[in-house]
Structures are given as structure tokens and as C-alpha cells.
Colleague: 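Sharing a structure with you now.
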Amino acid sequence: MIKEIGHFLLHLRLHYQLFILSGGFLLGGLMADQMNTAQFWLQFLNVHVLLFGGATAFNSYWDKDEGPIGGLKNPPKMTDWMRVASLVMMFVGWAWSLVFGFVYFAIYGVSILLFWLYSTPLARWKSHPYLSLLAIAVSTGLNSVLLGAIAAGGSVNTPVIISAFGASMILLSLYPVSQIYQMEQDKRRGDRTFAVEYGVDGVKFFFVISYLFGMIFFSAGLLQIYPYPAVIFFILGLISGVILLRLLLKLKGMESEYSSVMKMKFLASLSFVIFLMILNAIRYEWIGETVLKNYF
């Protein structure tokens with residue numbers, strides 16, 4: 001049983017949640033224009049451990065992958081109790097979210113619903129190229145930003161929504177990239193993922209369009225409340241996009257490219273997370289008065 005618990009914890013893929021998927025929540029905190037620090041970080045754990053971790057384990061149970069998946073090169077087999085445990089995690093987090101009001105509770109609940117629709121055989125949105133994009137964009141991208149803004153003590157306003165949409169597009173630009181090395185597994189399962197449907201060239205084209213529009217919307221929303229960082233982000237983001245595209249153009253859709261894809265996603269997402277951490281630290285004086293704060 002102890003070994004199975006260890007396998008379940010691996011399937012939460014917490015390093016993936018914290019270093020790749022946390023950018024949206026941090027952006028929400030930045031856009032809130034105020035910060036309840038303790039509340040924000042407690043909900044950070046709620047969203048990334050209970051919600052995202054639970055959803056990832058739930059998806060792994062139904063995928064039953066035997067080859068590498070995002071953030072886990074050799075996924076161990078899952079048993080029935082793990083499916084129940086993953087659902088319990090998400091619903092415990094949902095109950096906790098009620099403390100922050102109906103809007104927060106509703107957004108959290110929508111994410112749970114989308115994660116369920118994405119993975120369960122009863123709907124299996126993951127096997128549809130467009131529904132899968134919708135599920136990931138809203139549950140992991142848009143809603144993450146909105147939850148971060150509310151958790152910090154702010155509200156959902158126009159700049160927050162614009163930036164949230166941009167963050168969703170940036171996140172989505174890299175989502176089909178993870179499917180490239182899984183195409184053979186997905187075909188065997190009968191999943192019509194975006195990569196299976198449009199191939200490696202389609203994934204590359206989608207990255208360019210989604211990333212570029214994401215950068216525009218992200219920066220436009222941030223520009224309304226935090227001008228200098230918005231300009232810096234846009235410039236650095238374009239440079240990063242060119243680098244990512246050059247790496248992406250080398251991919252051919254083989255399982256052996258798993259490490260290359262993970263390094264690309266990890267470095268891109270971690271840079272995004274670090275940038276937002278620094279801006280939050282400066283804006284809310286988590287690191288005190290600095291030259292950077294005076295500059296921004």
C-alpha cells in the first residue's frame with residue numbers, strides 16, 4: 001500500500017503544477033492590485049495541489065499510459081482507489097473555495113467540471129482536438145488567473161479578463177506540443193488529439209498563432225495597470241517565442257523527443273513564473289524597498 005501511495009503522489013506531478021502551471025495564478029495576484037498574502041498562498045496550494053494535482057491524477061487513471069507523459073517519464077500503474085482519491089482531492093478543494101464567496105466557488109467548480117469532461121470515458125473531451133483545447137484553456141489558463149486575482153483580494157475586471165485570455169493562449173500554444181511524443185499512444189487509445197489530427201506541422205503552426213495572440217492580449221491587459229513590466233514582458237516574450245519556435249521546428253513527432261519537449265516547456269514556463277514572482281514581490285513589497293521597485 002505504501003508503494004501505491006508513492007505512485008499516486010508521483011501522478012499528482014506537483015513539480016509540473018508548481019513550475020509550469022502556476023504562472024496564471026501568479027498573474028492573477030499581480031493584476032489584483034492588492035494582496036492578502038496568507039490567503040493568496042493558501043489558495044495557491046489549494047489550486048495547484050488539490051485541484052490541478054487531483055485532476056492530473058484523475059486523467060492519468062483513465063489514460064493508463066505506458067510511455068512518457070508530461071512531467072513523468074515512466075508513469076507507474078494506477079489502481080481503482082486512486083481515481084476516487086483524485087476526485088476527493090478536487091472536491092475537498094472545492095469545499096474550501098466556498099470560504100471565498102460564490103464567484104470563486106463557481107469558477108473552481110467550472111474547472112472541476114471541465115477536468116472531468118476532459119478525462120472521463122463518458123465524455124472524453126481529450127479525444128476531440130477542439131474540445132480538448134477549450135477544456136485546457138478555461139480550466140488551467142483563464143480560471144487560474146481569475147482564481148489568483150480573487151484569492152489576492154481583488155476582483156474580476158476588464159484588464160484581468162484580457163490578461164487572463166492572453167495567458168490562456170500562451171499556455172495553449174504549448175499544450176499540443178506535449179502531444180507530439182504521445183501520438184502513437186493516443187492513436188492506440190483512439191484519442192483524436194490535436195497532434196494526431198493535424199500532425200507535427202499543424203502543432204507548429206498553432207504554436208505561432210496562439211503564442212503571438214497570447215502575447216498581445218497578455219501585454220494589453222497588464223499595460224493598463226503596470227505599464228513598464230508589460231512592455232518588458234512583450235519584448236522578452238517575443239524573443240522567447242523565436243527561441244521556442246526554433247526548438248519546435250526540430251521536432252519530428254517521436255517518443256524519443258520527450259526530454260527535449262519537457263526541457264522546452266519547463267524552461268519557458270519557469271521563466272514566465274519567475275518573471276511574475278519578481279513582479280509580485282516588487283509590487284507587494286515581499287522583498288522590501290528596492291531599486292527595482294522605484295524603477296517600476
Colleague: What pairs of residues pass the ring-ring contact (aromatic ring centres under 6.0 Å, His included) test when at least one of them lies in residues 133-158, not counting sequence neighbours?
Modeller: none
Colleague: Pairs of donor and acceptor atoms involving the side chains of residues 200-210, under 3.5 Å and at least two apart or interchain, shall be tabulated with distances.
Modeller:
unit_1: Lys204; atom_1: NZ; unit_2: Leu249; atom_2: O; d: 3.1
unit_1: Lys204; atom_1: NZ; unit_2: Leu251; atom_2: O; d: 3.1
unit_1: Ser210; atom_1: OG; unit_2: Met169; atom_2: O; d: 2.6

Colleague: Would you say NZ of Lys263 has more than 12 non-hydrogen atoms from neighbouring residues, nucleotides or ligands within 6.0 angstrom?
Modeller: no
Colleague: Ring centroid separation for Phe218 and Phe233, is it under 6.0 angstrom?
Modeller: yes
Colleague: Using 30° and 60° as the class boundaries, would you call the ring planes of Phe8 and Trp81 parallel, tilted or perpendicular?
Modeller: tilted
Colleague: As a test of understanding, state which of Lys77, Arg124, Arg188 forms a salt bridge (charged side-chain N to carboxylate O under 4.0 Å, His left out) with Asp63.
Modeller: Arg124
Colleague: State yes or no: are the ring centers of His15 and Phe19 separated by less than 6.0 Å?
Modeller: no
Colleague: Return the set of residues passing ring pair (Phe, Tyr, Trp, His ring centres under 6.0 Å) with Tyr61 (not counting sequence neighbours), or none when no residue passes.
Modeller: none
Colleague: Restricting to non-hydrogen atoms, name the atom on Met264 and the atom on Leu247 that form the minimum distance, rounded to 0.1 Å.
Modeller: SD-CB, 3.7 Å
Colleague: Measure the acute angle between the ring planes of Trp286 and Phe40, then classify it against the limits of 30° and 60° as parallel, tilted or perpendicular.
Modeller: tilted
Colleague: With sequence neighbours excluded, give me every salt bridge (Lys or Arg N to Asp or Glu O under 4.0 Å) pair touching residues 47-58.
Modeller: none
Colleague: Can you pull the side-chain hydrogen bond (donor to acceptor under 3.5 Å, both in side chains) pairs that have at least one residue in residues 154-173, sequence neighbours excluded?
Modeller: none
Colleague: Output a table of donor-acceptor pairs, distance under 3.5 Å, between side-chain atoms of residues 104-111 and any protein atom two or more places apart or on a different chain; print 'none' if there are none.
Modeller:
unit_1: Tyr104; atom_1: OH; unit_2: Gln43; atom_2: OE1; d: 2.7
unit_1: Tyr108; atom_1: OH; unit_2: Asn46; atom_2: OD1; d: 2.7
unit_1: Ser111; atom_1: OG; unit_2: Ser139; atom_2: O; d: 3.3
unit_1: Ser111; atom_1: OG; unit_2: Asn143; atom_2: ND2; d: 3.0

